[in-house]
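Okay, structure first, notes after.
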Amino acid sequence: MLQPWQKAKVTRIEQATAQTRRFWLELTEVNDFPFEPGQFVTLDLPIHEKKNKRWRSYSIASWPDGTNTIELVIVRLEGGLGTRYLFEDVSVEEGSELLLRGPQGKFVLPANIDRDLYFICTGTGIAPFRSMVHHIHRMNIPHKKIHLVFGCRTFGDCLYGPELKQLEKEMSDFYHHPCFSREQDVPNGSHVGYVHGVYEQMVKQHPGYQEGKPAPAYFYLCGWKEMIDEAKARILAMGYTKEDVHLELYG
């Protein structure tokens, strides 16, 4: 059953990268907006006569904190009607009102984190993983190793970089692995190239690794379809099953 549409006020907008903005939305009709980390909300933007052409869904980048405010991180798409409304037409600014429905989605943490987690993402696909990792840390949820493998082009595209590096210092068994496809000289803890070689290497270096029978793990993939298709194929080729892989597609 779908939730009703609610009014949300934009309380803050911040330019995160050249093509990405962070939006903070306050649900004005409720005092608390409960959700599970990894879920998304849908905005009804006045950009088309047909309802299904007005709806745009975005993962929640913040974590449940008992308030009625959430954060979304949205990338500007060339020619996209939704991002034209949010970015170009000056239709949305602090104080603007939007219609929102949610939370929705089953891209959430397992009930028990009894194996290593690999969060693999590109672009704004980092949003649900930021929510998940902070939630695990804040709630002191028992967990195995968590590897966040985040693919970017350049240093300027690395969303939440300093924040996640700081969390890596504060949180046990959490590792932040930014990957840069168009940089050559990267700092320690970062990688040159794409995400695929990074998680493959970590899987194969695990003490419990055996050819065709790797150590138990869950893989969560979020980003553009091309990355997810390739990652899923590579993960299955290492000996994991479809049940070990969880997907959230963007576009």
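Panel note: side chain His147, backbone Lys145; no donor-acceptor pair is recorded below 3.5 Å. Under the 3.5 Å distance criterion, the side-chain polar atoms of Glu248 are left unmatched by any main-chain donor or acceptor of Gly125. Asn68 places a side-chain N or O within donor-acceptor distance of the main-chain N or O of Val30, the cut-off being under 3.5 Å. Although no hydrogens or angles enter the test, the distance criterion places a donor-acceptor pair under 3.5 Å between the side chain of Gln15 and the main chain of Thr17. Gln39 places a side-chain N or O within donor-acceptor distance of the main-chain N or O of Gly105, the cut-off being under 3.5 Å. A side-chain donor-acceptor contact under 3.5 Å links Arg56 to the backbone of Lys53. Distance alone, capped at 3.5 Å, places no donor-acceptor pair between the Glu97 side chain and the Lys7 backbone. The backbone N or O of Gly223 sits nowhere less than 3.5 Å from a side-chain atom of Thr122 that would complete a donor-acceptor pair. Of the possible donor and acceptor atoms, one in the side chain of Asp157 sits under 3.5 Å from a partner among the backbone N and O of Thr154. For Arg130 (side chain) and Ala61 (main-chain N/O), a donor-acceptor pair under 3.5 Å exists by modelled atom type.
Using a 3.5 Å distance cut-off with no hydrogens or angles, the side chains of Glu163 and His134 do pair a donor with an acceptor.
Between Trp63 and His137 the shortest side-chain heavy-atom distance does not fall below 4.5 Å. Two residues are said to be in side-chain contact when any heavy atoms from C-beta on lie closer than 4.5 Å; Arg234 and Tyr199 meet this criterion. Taking the side chain as every heavy atom from C-beta outward, Cys121 and Val195 never approach each other to under 4.5 Å. For the pair Ile74 and Phe87, the minimum side-chain heavy-atom distance is below 4.5 Å. A 4.5 Å side-chain heavy-atom check between Leu164 and Phe150 finds every atom pair outside the cut-off. Between His143 and Asp173, the closest side-chain pair of non-hydrogen atoms falls below 4.5 Å. Inter-residue side-chain proximity for Arg115 and Asp244 is flagged as met; some heavy-atom pair is nearer than 4.5 Å. At least one side-chain heavy atom of Gln184 sits under 4.5 Å from a side-chain heavy atom of Val192.
Atoms CG and OH, on Leu167 and Tyr160 in that order, are 13.5 Å from each other to the nearest 0.5 Å. The CD1 atom of Ile60 lies 4.5 Å from the CD1 atom of Ile70; values are rounded to the nearest 0.5 Å. Going from atom CZ of Arg22 over to atom CG of Leu72 covers 11.0 Å, rounded to the nearest 0.5 Å. Ile146 contributes atom CD1, which lies 9.0 Å from atom CD1 of Ile141 (distance to the nearest 0.5 angstrom). Going from atom CD1 of Ile120 over to atom CD of Glu230 covers 11.0 Å, rounded to the nearest 0.5 Å. The line from CD1 of Ile126 to SG of Cys152 is 7.0 Å long, rounded to the nearest 0.5 Å.
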Would you tabulate the side-chain donor-acceptor contacts of residues 211-222 under 3.5 Å, counting partners in other chains and residues two or more places apart, or write 'none'?
residue : atom : partner : partner atom : Å
Glu211  : OE1  : Tyr209  : OH           : 3.4
Tyr220  : OH   : Val108  : O            : 2.9

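Here Ala8 pairs with Leu25, Leu27, Leu100 under the side chain to side chain contact (heavy atoms under 4.5 Å, CB included) rule; sequence neighbours left out.
A single hydrophobic cluster is not seen to contain both Val73 and Trp24; linkage of ILVMFWY side chains at heavy-atom distances under 4.5 Å, directly or through other members, places them apart.
Counting heavy-atom neighbours within 6.0 Å of Asn188 CG, excluding the residue itself, gives a total of 12 or less.
Ring geometry, Phe174 versus His176: the interplanar angle falls under 30°, so the pair is classed parallel (tilted spans 30 to 60°).
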